[in-house]
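Here's the structure we're looking at; comments come further down.
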Amino acid sequence: MCGIVGAVAQRDVAEILIEGLKRLEYRGYDSAGVAVIHQGELTRTRRVGKVQELADALQTAPLAGGTGIAHTRWATHGEPSERNAHPHQSGSDIAVVHNGIIENHAKLREMLKGLGYQFNSDTDTEVICHLVDHELKSAPGLLAAVQATVKQLEGAYGTVVIDRRDPERLVVARSGSPLVIGFGLGENFVASDQLALLPVTRTFAFLEEGDVAEVTRREVHIYDLDGNPVVREKKESEITHDAGDKGEYRHYMLKEIYEQPMALARTLEGRIAQQRVLDSAFGDNAAELLKDIKHVQIIACGTSYHAGMAARYWLEDWAGVSCNVEIASEFRYRKSHLFPNSLLVTISQSGETADTLAAMRLAKEMGYKATLTICNAPGSSLVRESDMAYMMKAGAEIGVASTKAFTVQLAGLLMLTAALGRYNSMSVEMQAAIAQSLQSMPAKVEQALGLDDAIAELAEDFADKSHALFLGRGDQYPIAMEGALKLKEISYIHAEAYASGELKHGPLALIDADMPVIVVAPNNELLEKLKSNVEEVRARGGLMYVFADVDAEFASDDTMKVIPVPHCDEFMAPLIYTIPLQLLSYHVALIKGTDVDQPRNLAKSVTVE
Ligand code: GLU
C-alpha cells in the first residue's frame, strides 16, 4: 500500500532509493528499509519511523551496490517494527519488498514451514520470499520462480524480488497494487509511483494487472498473466512541477490549500467554450457515451465520496438525471439494481483506490452503459480501464488529507452536471450560468483564502476540545461531512457531521458548552430553516461557529461566532465553503502539534481493501 523503489545500475543506488522513498513519504508509513547486492552479498538496513532515520543509518554505515530495492511499509499484518519492516529475506539469498496483502498467507506459511522454512516476521509478505526460494529449486531462473510464485498468491501485490546469486536483475510483479518501470540510460528503475523516480528518469511504462517483468540494466521484458511477452507503451511523464518541494509553506497541506486557485484554473483550461462545458472534458468519445444517460451511479471512498454526495444534489436538481452515491467497499459486496442507460462514475485522486477499482470492474460486468472516472493520476488503473476519464490536473497532492483534489473533483462534477444537463432538462441559461460560475471559481477561492488569519485565531478555541459537530443542509451537508473528516484526520478530534434537519432526531442530546458546533450557512433557500436549527443549538447552551454569507444576517454574540464568507453563487457555494473548513482543520492541527502531512495510521493511496 505504501512505497516501493528499485534500481539496477552501474553506480551505487542506495541514495537513489532513499530519495525515491522520501518522495513517497506523503503516502503515510510506519517503517522503511533498503537492501542492496554488492559483490555477491545481500545487505539490508531497516528502521522504524521516518525515512530520515534510515537515511541517517546509511550515513553511518553506507550500503554500496548497483542493484537494490527499498520500501516504506504501512503495516497490515504484524505490528510496525524493525523485524516486520521490508525488505524481507529468505536466508541470505532472496530479498523482497511488497505492497498489498497476501490473503492466503496463513496457508502458505504452514506449507512453507512444513518444507523447513523459518519465519522471521509476522508479515504476510514473508511467504513471498520463501516461496520464490522454494520455486528456484526447480525453476530455470528468478523470472520463472517469481512467475510460479505469483500463481500461488491470492490477494493484492506489487512486489520486487532480487537474488544475490543473480545480482543484475530485478523481477517485479503486479496484481492490484500499481507498479511502474522507469527507463534510464544503461540503468533501469521500478517504483509504485512515478513520482519516486522523477529525479532519474521521465520515461515510464505502467505494468498492467497480472504482469511480471524482468528488469536489467539494459533490458526490460514484460510478460502477461499467461506468461506471454507483452509490450507496455512507454510514456513521458506529464508531471510538470516538482511535487517534492514544499516551497515557502510549512506543510504540503497548506501549500495544497493555497494551490487551489491555480489547480482550478488548470482543470478548467480548454474545457469551457461559448458559455458551455465541452463534452471533450471527459474524453474524445464522451459526446457519444453521455448523450443517452438517464441515471448516474457514483462510487468513491473518503473525501471523494463527499464530492460525489454533493454532485447528487446537482445532478438530480439541475441536470434532471437520477443519481445514487455509494461507498465503494459497500457497493462491491452487495447486489445492486442496474437502471437502464446508467453511467458509472468513479472518483479517486490516485486512480488506484482498491475498492473503487473493484467496484468499477464489477459495474462493467453488470452492463453499465459507460464508465467515467474523475481522477488525478494519468496512466492509473482507473483511467486505463474506464471508458471515459475526466483528468483533474490538480497537480500532485502530497498531504494525506485531501484538499485541492476535493475542490477540483467538485469542479469536475459540476462540469459533468452541465454536460449531462444539456442532454436532459437543463436550460441553456443554466448551462451558461454554470460555465460562468466555473470560470469565476479560481478568483473566488482566492478571496476565501483571505479568511486564513481569522480562522487561525478561531482555531485556538478548539485546541482543548475532544469533539465537534458540523451542520449543513442540502449540498452543504456533504461539505459539513468533509469538514468533519478533515478535522478528524489531522487533528484527531472526534467530529461528526449531520444534515441540520436531523438535529432533533438524536445529536441534540450531545450539545453542551464543550461541544463546538460548526455551521455552514450560505445564503440559499434553506437559510431560514438553518437559522431555526441554529436557535435549537443556542437554546441548549451550545457554542457555535457559523460560516455564513456576508449577506446572511447572522451576528456574532456570546454563543455564536460568525465568520463572513465572500458572497458566491449557488453553483460554487459548496466549493467556496470548503476552503474555510480546510483552513480550520489545518490550524487546529498546528496548535495540537500533530503530523499534519502524514497523520497517524493513514495512507494516501489506499490500494488495499
Ligand atoms: N502486508 C504487508 C505488510 O504488512 C505490506 C504492507 C504495505 O503495503 O506496506 O508488511
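Counting convention: from 1, in listed order, for ligands and their atoms alike.
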> For ligand 1, which atoms have a heavy atom of H77 less than 4.0 angstrom away?
Replying inline: 4 (O)

> Thinking salt bridges, do R83 and D122 make one under a 4.0 Å N-O criterion?
Replying inline: yes

> Touching ligand 1 at all, G78? Heavy atoms, strictly under 4.0 Å?
Replying inline: no

> Any N/O of I101 closer than 3.5 Å to an N/O of ligand 1?
Replying inline: no

>> Which of the numbered atoms in ligand 1 are under 4.0 angstrom from any heavy atom belonging to W74?
In response: 6 (C), 7 (C), 9 (O)

>> Under a 4.0 Å threshold between the charged nitrogen and the carboxylate oxygen, would K486 count as salt-bridged to E489?
In response: yes

>> Strictly by side chain to side chain donor-acceptor pair (under 3.5 Å), give each pair with a member in residues 144-155 just once, sequence neighbours left out.
In response: E135-Q152

> Does the pair D211/R232 count as a salt bridge with the N-to-O cut at 4.0 Å?
Replying inline: yes

> Any idea which atoms of ligand 1 are less than 4.0 Å away from a heavy-atom of H71?
Replying inline: 9 (O)

> Do R11 and E187 sit within salt-bridge range, that is, some charged N less than 4.0 Å from a carboxylate O?
Replying inline: yes

> By number and element, which atoms of ligand 1 are closer than 4.0 Å to a non-hydrogen atom of T123?
Replying inline: 10 (O)

> Between T76 and ligand 1, which residue portion shows a heavy-atom distance shorter than 4.0 Å: side chain, backbone, both, or neither?
Replying inline: both

> Among side-chain atoms of S381 and R174, is any donor-acceptor pair under 3.5 angstrom?
Replying inline: yes

> H86 heavy atoms, cut-off 4.0 Å: which ligand 1 atoms fall inside?
Replying inline: 2 (C), 3 (C), 5 (C), 10 (O)

